[in-house]
Structures are given as C-alpha cells and as structure tokens.
Amino acid sequence: MPAPKEIKRISEVIWEIPETYKKGMRVPARIYATKQLLDAMDEGVFEQVTNVACLPGIQKYALCMPDGHWGYGFPIGGVAAFDFDGGVISPGGIGFDINCGMRLVKTNLTLEEVKPKLKELVDLLFQTVPTGVGATGFVKLSNSQFDEVMVKGARWCVEHGYGWKEDLERIEEHGAIKGADPSKVSKKARERGIDQLGTLGSGNHYLEIQVVDRIFDHNVANSFGIEQEGQIVVMIHCGSRGFGHQIATDYLKVFLDAMKKYGIPLLDKELACAPIDSPEGRDYYSAMLCAANMAFANRQVILHRVREAFEKVFKKSAEELEMHLVYDVAHNIAKAEEYEVDGKIKKLLVHRKGSTRSFGPGHPELAEIYKDTGQPVIIGGSMETGSYLLVGTKRAMEETFGSTCHGSGRTMSRHKAKKEINYNQLIKQMEERGIYVRAASKSGLVEEAGAAYKNISDVIEAVDRAGISRKVAALRPIGNIKG
DNA sequence: ATGTTC
C-alpha cells in the first residue's frame, strides 16, 4: 500500500508525515525506512503512527522503525515518548507480551565442533526448555517467591543458582527494573504466570543455535565476546508469557474507563491509555514492571538450561566453554528516561513496542563493560534468514529516544503462511541448508517460515544507514527450537 | 503474543 501523499522525505531513510495530515496530531510522525521498505509497508502503519501522534503529552515525533507493521493500537516497530508531566501510558504502546526480548550467549565452540553433536544438543534443549502454548516450567515457586521474582527479576534467579553473578551486568537494567509492585498484579495474572518461569512459549518465540557468519566491526565484536567467524552462539527470544498478557488485558479494561474520567478523547479503543501521573497509570506501570522483571527471570532460567545442556553434550563446564552472556535487551516495554526536548532535559516515558533500546557510548545507565562501545543490540530474524548483533549510537539518543528496530517483521499473515507453506517441505529445505529444527507444533513452524517475513538484511541496512545503531556481526541459524 | 474467541 502506498504511503500518504503528504509524506516528505527528510533523508535517505527518514520520512515524515506532517501534523496537518490528520486532525488532532500534536507532533509529526516519522518513519525510518528505505524507499523500498516504505513502499512495502501496510497502510495500517501510517494510520496507526499518526493516531499515536494525537496522544496527550507526546514529544517530538511518533516514530516507526523499518520493521514496522500493523499492531494492536500502535504499530509494531513503534517508539513514542511521553512527558511525565501531562503525558500518558498505554498498554498498546508496549504490547501484550511485556518485555518480549532477546538474549545472546557466546561460546568458544566452533561450527566444526558442534556439527556432529547438533541433533543431540537440540533434542536435549527441546526437552529441558518447555515450548508451546500453555507450557509450564520446572521451577516451582510459592506465591511469596513469585513476588520476589516480580521485584528482583534475573537477580532472584542468580541468587537461587540459576546463573552467574556476572550475568546481571549484561542485562538491560541489570535484569531488575525498580518500581515493580506485586500488589498491582491481579490474582488471575499471578495464577497464569507462577509456573511459567523457564518456558519459551509459542508464536515467533524460539531458542536458536547460531554460527557467527560475518563480523563487520572486529573491535566492538571482540569486546562483546564475538571473536571469530565460525564461532557458535545461542539466541533466546521470549517474554513474560501468559503473565504479561494477562496484565495487559487487565489494565486495558481499567484504562477504557479511566479515559472517560480524565477526558482523553478515544480515537481507537486499542489506544486505551491513562495519565502517567494518575492512580490507574501508576498502577499499570508498577504491574507492567512486574511482568518485565518476570521476563528477565524467564530468559535467565532458560540461559541456565542452555548452559546445562552444553555441559552435558560437550562434557565440559559452562565456564570452560566460556558461555558468557553477550547481552539481554527488551523490545516491548516502557521506560523512564531523560532526553533533551527544546533545549531542556525532560523525564519521559519511552514506549518501545517491537523496538530495541540502542544507548550509545558513554551513556550513564550502561554497565562499565559497554561504556566505550555503546550497548549491544540483538536483532532476531526469522528462523531461516539469520540474525544480527548491532551496537547502540549517540545518534539514536538524539533522534529516536535511544531506539532502533527489533526484527524482520511479517509480510505474510499467519493464515496465509499456513495455507501456502508445506511443513515437510520446509523441514527438508531447512535440513538441506544445515538447520535442524524441533517444533512444538507443525502449524507453529510454518507460520514462522522465512518466506513469511521481510528480509532482515534490508531492515538492518536501513537502521545502519540512519545511524541509529551500527552493524557488528551477522549470525546464521543451525539449530532451532520453536513453540 | 495468548490456558490461540474469559
């Protein structure tokens, strides 16, 4: 679908829809994309990103990344920052899967060493990391322990033997965001989440064994633990499971009523929101952070299982295998961050939905190990087309509220993929290309076929050219576990 | 994404 005729080209990869496009827009909308990606975007993206531009307290621009596509209320690939003074918080700007995110682990193994053991490794991981809809995990929690997980996130896991102390400095916010309040979480959300720690889930969630295909920046790659092409790494993509989903559902309902109370005009029911500084807004923020911390903990337990599986298969300790965490980063979340707006430093609530934080060198919130380089940015492609490791930039801080893209973005609906792609053929094609896959369901696998997604390389070129993150390494899948 | 239309 073509972009609206009012769209203006700002640079090679930035496009702007002015405030005059639609009644009620408070700021312009900006889309980061090559001409080719822009032309391929669905009409819904333009509609949704300009709707977001109408929300109270929005700052500078409503943004959409090159992997943008139609989502619930806000586009997936959307970034929107709201002033704490007068601005709103919206579950639609965060996503149902709160703190869906990516985790990347390195090893010192090479492709040659892993190839003969690949099936054994993937089969073992498929047993120890539960996948699929409704999967439950092996970590048994009491209600008070689950409260601790909501507040302490990945730190709770490390304190209970699931991981290494050094893992914590390699996670966004050290794996535990301050401000989570378990008393703001419904009983139903608690019941759905309590046995889901260490589970992958379904949809586009996966655990993948990958090989470093190409290194673009050797210095930065090295500092992240990526030393050579042919090195094996493991990527984990999952979030807060039914727990975050229930919290989003609960507060969408609360916010629809709150909007009437606060006199916020309703453009679209999916854009339900509340003032950040209102009882409803504060409650959702505190509950949302419980789900964010649970997701960090979820990925931490999965990392622990990955280390255990490698230890068993390669008969060496995870320390000997140098299985250090490269990074863990969220791509569905809202964060309190400070940015310069009109020459003044303001505290903003940055909503990233299908968008990854991309803090550049010297950012005060980054751990010492990333101060010189900027933070690692982990971008998962589809299971066939490969993934990327990027690094954050100063330019992202200036232009996109410290944000970049998150993945490939679908081009084919799940329904269409199920109709057009044959399961047995897909498995065979993947095996021919050296990818061994185990999936919880046949339909789940075909829905995630590479053919159903945009080309990840096009998306990466767009963010790299825009300078809102830079290419560090390209990663290619060899083994995959899917929900 | 999701005890996949509580």
Just list the side-chain donor-acceptor pairs under 3.5 Å for residues 46-56 of chain A, sequence neighbours left out, or say none.
| residue | atom | partner | partner atom | Å |
| --- | --- | --- | --- | --- |
| A:Glu47 | OE2 | A:Lys22 | NZ | 3.3 |
| A:Gln48 | OE1 | A:Gly71 | N | 3.0 |
| A:Gln48 | NE2 | A:Gly71 | O | 2.7 |
| A:Gln48 | NE2 | A:Gly73 | O | 3.4 |
| A:Thr50 | OG1 | A:Lys22 | NZ | 2.8 |
| A:Thr50 | OG1 | A:Phe46 | O | 2.6 |
| A:Thr50 | OG1 | A:Glu47 | O | 3.0 |
| A:Asn51 | OD1 | A:Lys22 | NZ | 2.6 |

Can you measure [X] atom [atom1] to [N] atom [atom2] for me and round it to whole angstrom units?
{"X": "A:Tyr72", "N": "B:dT5", "atom1": "OH", "atom2": "C1'", "answer": "14 Å"}
{"X": "A:Ile98", "N": "B:dT2", "atom1": "CD1", "atom2": "P", "answer": "12 Å"}
{"X": "A:Asp195", "N": "B:dT2", "atom1": "CG", "atom2": "C1'", "answer": "15 Å"}
{"X": "A:Gln196", "N": "B:dT4", "atom1": "CD", "atom2": "C1'", "answer": "14 Å"}

Establish, yes or no, whether the cationic atom of A:Arg357 lies under 6.0 Å from the six-membered ring centre of A:Phe359 and within 45° of the ring axis.
->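 Verdict for A:Phe359: a cation-pi partner in A:Arg357.
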
With a distance cut-off below 6.0 Å to the six-membered ring centre and an angular limit of 45° from the axis, does A:Lys60 pair with A:Phe401 as a cation-pi contact?
->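 Output yes; distance and angle both within limits.
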
For A:Gly95, report the nucleic acid contact type (base, sugar-phosphate, nothing); a contact means any heavy atom under 4.0 Å.
->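 No contact at all - A:Gly95 keeps every heavy atom at 4.0 Å or more from the nucleic acid.
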
How would you label the contact of A:Glu447 with the nucleic acid (heavy atoms, under 4.0 Å): base, sugar-phosphate, or nothing?
->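 A:Glu447: no heavy atom of the nucleic acid under 4.0 Å.
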
Atom pairs and distances, side-chain donor-acceptor, residues 453-460 of chain A, under 3.5 Å, sequence neighbours left out:
| residue | atom | partner | partner atom | Å |
| --- | --- | --- | --- | --- |
| A:Tyr453 | OH | A:Arg410 | NH1 | 3.3 |
| A:Tyr453 | OH | A:Glu448 | OE1 | 2.4 |
| A:Lys454 | NZ | A:Pro66 | O | 3.2 |
| A:Lys454 | NZ | A:Gly68 | O | 3.1 |
| A:Asn455 | OD1 | A:Ser457 | N | 3.0 |
| A:Ser457 | OG | A:Tyr388 | OH | 3.2 |

Nucleic acid contacts - residues 239-253 of chain A versus DNA chain B, non-hydrogen atoms under 4.0 Å |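 The stretch gives A:Arg241, A:Gly242, A:His245 as the residues lying under 4.0 Å from the strand, ordered by number.
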
Would you please say whether a donor-acceptor pair under 3.5 Å links the side chains of A:His406 and A:Asp67?
->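 A:His406 vs A:Asp67: donor-acceptor pair found between side chains.
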
With side chains defined as the heavy atoms from C-beta onward, is the minimum distance between A:Tyr370 and A:Pro376 less than 4.5 Å?
->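 They are in side-chain contact.
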
